[in-house]
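A short worksheet on the structure shown next.
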Number of protein chains: 4
Amino acid sequence: MAPRYKKTVRDEVMQETRQLVIEAAAEEFAHNGYDKANVNRIAEAAGFAIGTVYNYFPSKRVLMLAFVDDIAQLHVDYVLAQVKSEQDPGQRIEAFFKAGFAFVETYTTQAKAIFNTLNGPDEEFRARLFQGYQPLFQLLSDDVIAPSIAQGDFRQVDPVATAGLLMLIYLGTGSQFSPEGELWMDYTQVADFVLHSLKSGKENLR
Amino acid sequence: MAPRYKKTVRDEVMQETRQLVIEAAAEEFAHNGYDKANVNRIAEAAGFAIGTVYNYFPSKRVLMLAFVDDIAQLHVDYVLAQVKSEQDPGQRIEAFFKAGFAFVETYTTQAKAIFNTLNGPDEEFRARLFQGYQPLFQLLSDDVIAPSIAQGDFRQVDPVATAGLLMLIYLGTGSQFSPEGELWMDYTQVADFVLHSLKSGKENLR
Amino acid sequence: MAPRYKKTVRDEVMQETRQLVIEAAAEEFAHNGYDKANVNRIAEAAGFAIGTVYNYFPSKRVLMLAFVDDIAQLHVDYVLAQVKSEQDPGQRIEAFFKAGFAFVETYTTQAKAIFNTLNGPDEEFRARLFQGYQPLFQLLSDDVIAPSIAQGDFRQVDPVATAGLLMLIYLGTGSQFSPEGELWMDYTQVADFVLHSLKSGKENLR
Amino acid sequence: MAPRYKKTVRDEVMQETRQLVIEAAAEEFAHNGYDKANVNRIAEAAGFAIGTVYNYFPSKRVLMLAFVDDIAQLHVDYVLAQVKSEQDPGQRIEAFFKAGFAFVETYTTQAKAIFNTLNGPDEEFRARLFQGYQPLFQLLSDDVIAPSIAQGDFRQVDPVATAGLLMLIYLGTGSQFSPEGELWMDYTQVADFVLHSLKSGKENLR
DNA sequence: TATGAATGAGAGTTCATTCAT
DNA sequence: AATGAATGAACTCTCATTCAT
């Protein structure tokens, strides 16, 4: 009988291989978009043979879905950790924006791919993206926007729609580069724009 | 020399053919994205043989660029006409949003394709899009936002960056559908969100 | 009833059109070879619409055959005239070479196309070429080589095969350019080579 | 690291596949010329799928160049071996002609394709052909013609130009078939023709 | 488990030819 | 007689996927 601990070692190796492939795929998807992305190139970039990639992912499509799940998870975890560390709703807003923009700044490549997918023509990809980002929408609407409204920090808006709009805005601004390769807006400008819109009139901003 | 009037008639027919092809292309590009768009399908949808498409556009790429130019022109003209008909900056804002959202609502397919392109990986397409939309950015920043700031209707923001952000937002919201096929937000919500952000504090909104 | 003389005028115009098309075709066939030759380009170069070319020649193939016939006729007439003007067989040889090389020099483009065709894979074209050049072979073997042998100027060779070989050599050398664009050999060298081979030993050459 | 010997075995298989494709290509190029040659037909003739051909050669053009290199190598090796086995310049001439004509007779298909290419309109193909045949020209002029002149066997001719002419003649005669499918001349006739031209007058030929 | 040569459906593009004007 | 827009068969090339080693 095969010893159990060996299996564990193998699992770890496989997890690592899987991750390497997904990372290479992210790069490729971000640079070329899903359709122009080339599985052979992904395999090469990951340091494996094409067959190996197909041992882990039965198709390019599944690889894309895995990448979407992966990045959504990462994004959600990243933002969740930072937001949850704050107790006060007002602080949570700031934390959310800081974390969201920081994520886009850190994972520009991936954010680009995600935004690309969000606006791409593939229904399944978009649906999967929504699904993966569900916790973030939840967090935003239930733990950030709704309490802020309740506290009177934000004016009355639809928390769910607003959550979607915020995602659209910060993924969009974070992946828009001018032909000269510069970002359109810096994040503080964007945060300013959004907070100006959401904050209720009673206070002065910043 | 060939008679001139005959040439004119022929030119008109050719213009019409060209337009039919571009319209079919718009549909195809919007539904499938550039890469998955199929030139044979475009030809068929336009009611011509494949060769005819290539008599007008030397490549799929050029056809795409022609579509981009075309839709940018349309969009610009559409919005420009409505905005210019208002004299008061405050009214112009409203007119701009009304026109912009109306455009996206009327030409949802095309707006989708444009937004898709705006966020796609192809540099040349993006550059061409920017170029085509230049007059709209100009209008927004010079004739709408800047005067509104001057009049004290808007708070101090960077007119150019804001113009870009507005485009991002209304093209984005106008082409986002939930998996169930419904728009995320209606345009009044979006206009509200934006105006809340831009209007200076002195007045009450809505 | 249509007047006869009008018909004659029309015929002349048509002859001229036909000739213009063939000349443009010669250029195209020489530069690009039959397969890459483009009928639209031929029409344009000739100054006519594509339809006009097809009014004169029912297919690209027939146009090629017409060109082959045309150039063969030209070549044959050209050489024949010069050779026939000499009475002495010895002089006829010189005349033949002079005329042959002069032809290749004058009509390099056409000679190239002809040589190209001679060595190309198309059986029908080659057969037509042979047919067109029949009078030249005849002349060469019957009126030049054979008499020269009879007079003892040439050694005993097969007149027909030698005629073919001579054609091969002077069309070949006349259309061979080094990558730098220069002719390999000048014609006197080639003539020297050939005459050295054919002349009987009794005399000194040149 | 992957074991080395396995790589070797695989390399051998790949070399064989490559060779099979080139051989099928030779046939196709010879029969139809480069332009009419069909890559699908080549793949089929080689016993592979179309994709396999493109795994080895990135384009039809590159396949053609590989074929040209291949046949030049073969031709050069073939003739070189036979000529080098003779020490006496006089014998080398005979050996060269024997080998050259034998090659053309053995590889008629390929010779046809090569001659076709030599006289075709494609500059790059011609240049590549020259490059590949360089050693043969070298051999002919330096080791065959020049020594023969030095020994007084040949009259004073330009060795380089003459080498070119000889190539032209024997590739030309070796690939010319009458419409009835027979060779124009047999090789002894051609050799005779050439030697009569080159040999110095002091001796009687045949 | 990893490999990578082989596969072949599918897509973009060309261009000789037609025919209504 | 001249025109040229329309046609579509044919061709080159790509690349996701398979499977024997």
Side-chain angles (χ1 to χ4, degrees), chain A residues 10 13-14 17 35-44 47-63, chain B residues 2-3 6-7 9-11 13-14 16-18 35-44 46-63, chain C residues 10 13-14 17 35-44 47-63, chain D residues 2-3 6-7 9-11 13-14 17-18 35-44 47-63:
Chain A
R10 181 197 280 176
V13 170
M14 287 184 69
T17 302
D35 289 309
K36 281 226 168 58
N38 182 310
V39 184
N40 275 279
R41 222 149 43 207
I42 291 173
E44 196 175 6
F48 295 97
I50 179 68
T52 303
V53 170
Y54 276 88
N55 286 340
Y56 286 83
F57 306 95
S59 72
K60 181 183 176 181
R61 205 170 176 79
V62 169
L63 175 54
Chain B
K6 278 243 173 160
K7 263 227 152 98
V9 170
R10 185 169 281 168
D11 281 1
V13 171
M14 286 186 73
E16 197 186 315
T17 302
R18 200 190 128 95
D35 289 310
K36 279 225 169 59
N38 180 307
V39 183
N40 276 279
R41 222 148 43 206
I42 291 173
E44 197 173 7
F48 294 100
I50 178 68
T52 301
V53 171
Y54 278 90
N55 282 344
Y56 287 83
F57 307 94
S59 70
K60 180 183 176 183
R61 204 173 176 78
V62 168
L63 175 54
Chain C
R10 179 196 282 174
V13 170
M14 287 184 70
T17 302
D35 289 309
K36 281 225 167 59
N38 182 310
V39 183
N40 276 279
R41 223 149 43 206
I42 291 173
E44 197 176 5
F48 295 97
I50 179 67
T52 303
V53 170
Y54 276 88
N55 286 339
Y56 286 83
F57 306 95
S59 72
K60 181 184 177 182
R61 205 172 176 79
V62 168
L63 175 54
Chain D
K6 278 244 174 158
K7 263 229 151 98
V9 169
R10 184 169 281 167
D11 281 1
V13 171
M14 286 185 72
T17 302
R18 200 190 128 94
D35 290 310
K36 280 227 169 56
N38 181 306
V39 183
N40 277 281
R41 223 148 43 206
I42 291 173
E44 197 174 6
F48 294 98
I50 178 69
T52 301
V53 170
Y54 279 90
N55 282 344
Y56 286 83
F57 306 95
S59 71
K60 180 184 175 181
R61 202 171 178 78
V62 168
L63 175 54

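Below, read A as the first sequence line, B as the second, and so on, with proteins coming before strands; counting in each chain starts at 1.
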[N] [atom2] sits how many Å from [X] [atom1], rounded?
X       : N      : atom1 : atom2 : answer
D:Asp35 : F:dA10 : CG    : C1'   : 14 Å
A:Asn38 : E:dA11 : CG    : P     : 17 Å
A:Arg41 : F:dA16 : CZ    : C1'   : 13 Å
B:Glu44 : F:dT7  : CD    : C1'   : 14 Å
D:Tyr54 : E:dG8  : OH    : P     : 16 Å
D:Phe57 : E:dA5  : CZ    : P     : 14 Å
B:Asn40 : F:dC11 : CG    : C1'   : 14 Å
C:Phe48 : E:dT17 : CZ    : P     : 19 Å

(message) Just to verify, which of A:Ile42, A:Asn38, A:Val39 counts as forming a side-chain contact (heavy atoms from CB on, under 4.5 Å) with A:Lys60?
(response)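 Result for side-chain contact (heavy atoms from CB on, under 4.5 Å) with A:Lys60: A:Val39.
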
(message) On DNA chain F, compare the nucleotides closest to D:Pro58 and C:Ile50; which residue's is nearer the 5' end?
(response)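 Counting from the 5' end, the first nearest nucleotide belongs to C:Ile50.
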
(request) Take D:Ala37 and B:Gly47, find for each the nucleotide of DNA chain F with the closest heavy atom, and name the residue whose nucleotide sits nearer the 5' end. (result)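 Nearer the 5' end of the strand: B:Gly47.
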
(request) Report the base-pairing partner of F:dG8 (Watson-Crick or G-U wobble, both distances below 3.5 angstrom), or none. (result) E:dC15

(request) For E:dT21, give its Watson-Crick or G-U wobble partner with both distances under 3.5 Å, or none. (result)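 Its partner is F:dA2 (Watson-Crick or G-U wobble, both distances under 3.5 Å).
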
(request) Output yes when at least one side-chain N/O atom of B:Tyr56 is less than 4.0 Å from OP1 or OP2 of F:dA5, else no. (result)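 Checking F:dA5 against B:Tyr56, no side-chain N or O comes under 4.0 Å of OP1 or OP2.
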
(message) Is there a side-chain contact between C:Thr52 and the phosphate of F:dA1, meaning an N or O under 4.0 Å from OP1 or OP2?
(response)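 No, no such contact exists.
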
Which heavy atom in [X] sits nearest to a heavy atom in [Y], and how many Å separate them?
X       : Y       : answer
A:Val53 : A:Ala43 : CG2-CB, 3.6 Å
D:Arg41 : D:Lys36 : NH2-O, 3.3 Å
B:Val62 : B:Pro58 : CG1-CD, 3.6 Å

(message) Is there, by distance only and without an angle test, a donor paired with an acceptor across the side chain of D:Asn55 and the base of E:dA6 below 3.5 Å?
(response)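 Such a pair is found, so the answer is yes.
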
If you check the [X] side chain, which of [options] turns out closest?
X       : options               : result
D:Thr17 : E:dA6, F:dA2, F:dC13  : E:dA6
A:Val39 : F:dA6, F:dA16, E:dG12 : F:dA16
A:Ala49 : E:dA6, F:dA6, E:dG4   : E:dG4

(message) Using 0.5 Å steps for rounding, measure from the CZ atom of D:Arg18 to the CG atom of D:Leu63.
(response) 9.0 Å

